[in-house]
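Quick notes on the structure that follows.
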Amino acid sequence: MEGHYDFKRIEEKWQKYWESRNQHKVTLTADKPKYYVLEMFPYPSGALHMGHIRNYSIGDVVARFKTMKGYNVLHPMGWDAFGMPAENAAIKHGTHPAQWTAANIANMRRQQQQLGTSYDWDREVTTCLPDYYRWTQWLFLLFYHRGLAYRRKAAVNWCPSCQTVLANEQVINGNCWRCDTQVGKKELEQWFLRITDYADRLLKDWELLQGWPDSVKTMQENWIGRSEGAEVIFPIKDREEKITVFTTRHDTLYGVTFMVLAPEHPLVMDLVRGTEREETVRDFVQKAISRRAETRNGEEPGKEGIFLGAYAVNPINGEEISIWVSDYVLMEYGTGAVMGVPAHDTRDFAFTEKYGIPKRIVVIPEKDAPVPEQLTEAYAADGFLVNSGPFNGLPVEEAQEAIADYLEEKGIGRRAVSYKLRDWLVSRQRYWGVPIPIVYCDQCGAVPVPEDQLPVLLPENVVFKPGTVSPLAQVEEFVHTTCPRCGGPARRETDTMDTFICSSWYYFRYTDARNAEAPFGKEAVDYWMPVDQYIGGIEHAVLHLLYSRFFTKVLYDVGLIDCQEPFTNLLTQGMVIKDGAKMSKSKGNVVTPEEIFTKYGADTARLFILFASPPERDLDWSDQGVEGAWRFLNRVWRLVNNNADYIKTAAGGKEALSQADTDLRRQLHETIKKVTEDIEERFNFNTAISAIMELVNGIYRYQDKLEIGEQNPQIVREALEKTVLLLAPFAPHLMEELWHVLGHEDSVHQQEWPAYDPEALVQEETKIVIQVNGKLRERLQVPVGIAQAELEEKVLSLERIRALTAGKEIVKVINVPGKLINIVVK
RNA sequence: GCCGAAGUGGUGGAACUGGUAGACGCGCUGGACUCAAAAUCCAGUGGAGUUCAAACUCCGUGUGGGUUCGACUCCCACCUUCGGCACCA
């Protein structure tokens, strides 16, 4: 036998075998418990990288394990196939996005098959094909008819490099999430989805998501940014209009000494129109707006302001306060107007310091303490009210209730909630996306394309030129159409949809991927959904994962599905890094799946990736670590092959087990227990694999220590077969091979997952650790059932313990049965 | 600034509910096999010290305190790294 196994031959052989048996095809089987495991589908960029390999290896272990556990497992794969890179490639190389994408898909699918993944390819979903995007359009119209999709003119994020707008979630630190270019603002009429309607439900359904990491929940919570407070209505002196502000600190209403409007606030120019301030204010506002467009997030903002010459009246005490405009107030949040309480808000404090506005303290930390003359910084913490009329002496929390009641009673305000979350901007000025199924008619306005006219096909004859806006707008045959309502001439919407819409519902489509009558059938979706285990990168914490939750809730409300959350359990895998940094071409630390497949095969790649670290953590790529995984697989291969004949020929009657037999058998069943728990409860594949390694070492040691005649072939056989079964989800090809080497004719992946035998775990003796004052001093082998009093006596009579306790008082003896005895002496 | 995660040998990482710190792998050292090497198999491997040896002692999980018979694990304060949010009233 040669030194190592022929992975190429073995992996190809069994991939063909599985395919020929249709082994990974899954159908709705109502009497079997289902399990839906899903890895985030990839963008077809051209080739898989190690992050993909990690993602799919984790998913495949879960899928194969659950299959062996008797579940009807849905494990599909598909392509998030619309998006910018295809269009950029078209501009650069002249290939059509459709062809470029199809070629990439073909290559990546080949690599996934090479990895040995157990996908049901009959359910493959490709978002750029009409049989899929037809239903994306259908869903868009469903949102539209429910008032959840609407068009509005707004200042939106604009990426000059991608030549398109972006949703707020897609702007990362002021830069485009895809190309990292700095994002600016543009005033455009665009389509939005009303995700803000679902803000509260997105926040409240956490109890359905016990299986999600806290980090992701916190990130979504911060993003939604719910604040409870009040709106207060301030009349303007000598004018009809009123200004409403949102505040979370209505308890400090008596401390208001000024008011600030956002530069975009409509009242700003109204207040100065016709006064000598008009020009200066207009200048200021324009500069503030353009400055904000240029300011990167993270830069220290200026808090520039200017007085408008007008006064508002504090409704709670009738005081007149100056009205200002400043860039530190945002039009998009709350009401775009803020009451200034410098003594209790750091931003207001800084503003008054700059412009010499007075401060008034209305909260002090200790009840009835003297009110300080001066403040060096704003006091934003808890305390008791002062200078607040009838509310003096109340603690902050009670004062908020009392003042809110008072505002509502007098009709000068009300309790209110405000969110940071904005509606989802979904228009994109690009070609390679789903056409928005809307037609504009001079007579009828915006008209939805009727369902029976779907899909609105993406035209193929498009000219790609760098820097052109909205390529679809240049395709005359596409743009010019007739109005579905009045039959008159009309123009099609030429923007396409954000690709995050495509990925917000693909997991539903998998349950019924070839349905031509509907996005999915009710029976299929109710059987398979929700996804039991979702696996992917944390970078989607507030993008894809938030959008998908939103979609699911809408579809639930419509009655299309029965689940309110799409993903019951979420595993966010860590990055694959090398030499302390994320793999990247510019750093020159890239290892490609292709080279590992060629040198070691897929099983080694999988085993290394799963062994090197637990899935949520970053994984440090190590060539020597890969070598170790390769060596281990060969060690198993050798062990099985060397014993195959021996255990077949020597299958005799059951004899009494020797001590070595019992010990090996105990180790085997302890390993089964541990591996099962590690996979099932914690996804700790690394410790599961290490336990199997120890077992393999144990079998080697058993055979090394005993002459052939002293060994028990039945025990060896049991150990080898179960080792192969335990390793099957991790190294599916080699274990299939070895399963057959052991004389079986069916697939190892269709076997039952081994159960441990509790009787094999029973020990006659156990090791007790003995401590004196908490320090390990001795170990003692004792029978399992030993009486505790007898054990203590035995321990105290040990020579070494007597020496250590001689002349000292034994204060007490701690006895952890079966484990440890600690003698406390003084 | 706020929120979250993490800091353990030369190294990737174990230690699950407070109970033998360092499993398993890598690397390194020694041995077997070989003409030799590769491959493989076996053994050793946290640091310092005592010892012919068997053994034993002390130190040791980012830092400083605390709780406890006993702390990588719990509490308080701090340091460092990574990630998210960032004028959100």
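Lettering of chains follows the sequences in order, A, B, ..., and the numbering in each one begins at 1.
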I'd like to know if the side chain of [X] pairs up with that of [Y] as donor and acceptor (distance under 3.5 Å, no hydrogens or angles considered).
X: A/D623; Y: A/W621; result: yes
X: A/S613; Y: A/R54; result: yes
X: A/Q703; Y: A/N643; result: yes
X: A/Y547; Y: A/E169; result: yes

Contact class for [X] vs. all strands (heavy atom < 4.0 Å): base, sugar-phosphate, or nothing?
X: A/K578; answer: nothing
X: A/D618; answer: sugar-phosphate
X: A/N822; answer: base
X: A/K819; answer: sugar-phosphate
X: A/G225; answer: nothing
X: A/R777; answer: sugar-phosphate
X: A/R779; answer: base

task = Mind calculating the distance between CD (A/E627) and P (B/rA38) to the nearest angstrom?
result = 14 Å
key: A/N686 CG to B/rG12 P, straight-line distance once rounded to whole Å   =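 Rounding to the nearest Å, CG of A/N686 and P of B/rG12 are 14 Å apart.
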Options [options], nucleotide nearest the side-chain atoms of [X]:
X: A/S690; options: B/rG13, B/rA23, B/rC85; result: B/rA23
X: A/T218; options: B/rA89, B/rC26, B/rG4; result: B/rG4
X: A/R638; options: B/rC58, B/rC41, B/rC26; result: B/rC41
X: A/A612; options: B/rG84, B/rC26, B/rG12; result: B/rG12
X: A/P614; options: B/rG13, B/rU20, B/rA89; result: B/rG13
X: A/Y700; options: B/rA14, B/rA89, B/rC41; result: B/rC41
X: A/T687; options: B/rA14, B/rG19, B/rA43; result: B/rA14
X: A/L776; options: B/rC26, B/rU20, B/rA14; result: B/rU20
X: A/K705; options: B/rC87, B/rA89, B/rA43; result: B/rA43

message = Whether A/K303 engages the ring of A/Y328 as a cation-pi pair (distance to the six-membered ring centre under 6.0 angstrom, angle to the ring normal within 45°) should be assessed.
response =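 Geometry flag: set, cation within 6.0 Å and 45°.
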With [atom1] as the reference atom in both, quote the distance from [N] to [M] in angstrom, rounded to an integer.
N: B/rG62; M: B/rA15; atom1: P; value: 16 Å
N: B/rG13; M: B/rA6; atom1: P; value: 13 Å
N: B/rA43; M: B/rC52; atom1: P; value: 29 Å
N: B/rG1; M: B/rU11; atom1: P; value: 31 Å
N: B/rC28; M: B/rG46; atom1: C1'; value: 14 Å
N: B/rC78; M: B/rG7; atom1: C1'; value: 14 Å

[X] (side chain) and [N] (base): donor-acceptor pair under 3.5 Å:
X: A/K812; N: B/rC69; result: no
X: A/R701; N: B/rC42; result: no
X: A/N222; N: B/rC85; result: no

task = Check whether any side-chain heavy atom of A/N815 lies under 4.5 Å from a side-chain heavy atom of A/I821, and answer yes or no.
result =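 A/N815 vs A/I821: side chains touch.
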query = Taking the chi torsion of B/rG9, is it syn (within 90° of 0) or anti (everything else)?
reply =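 That one's syn.
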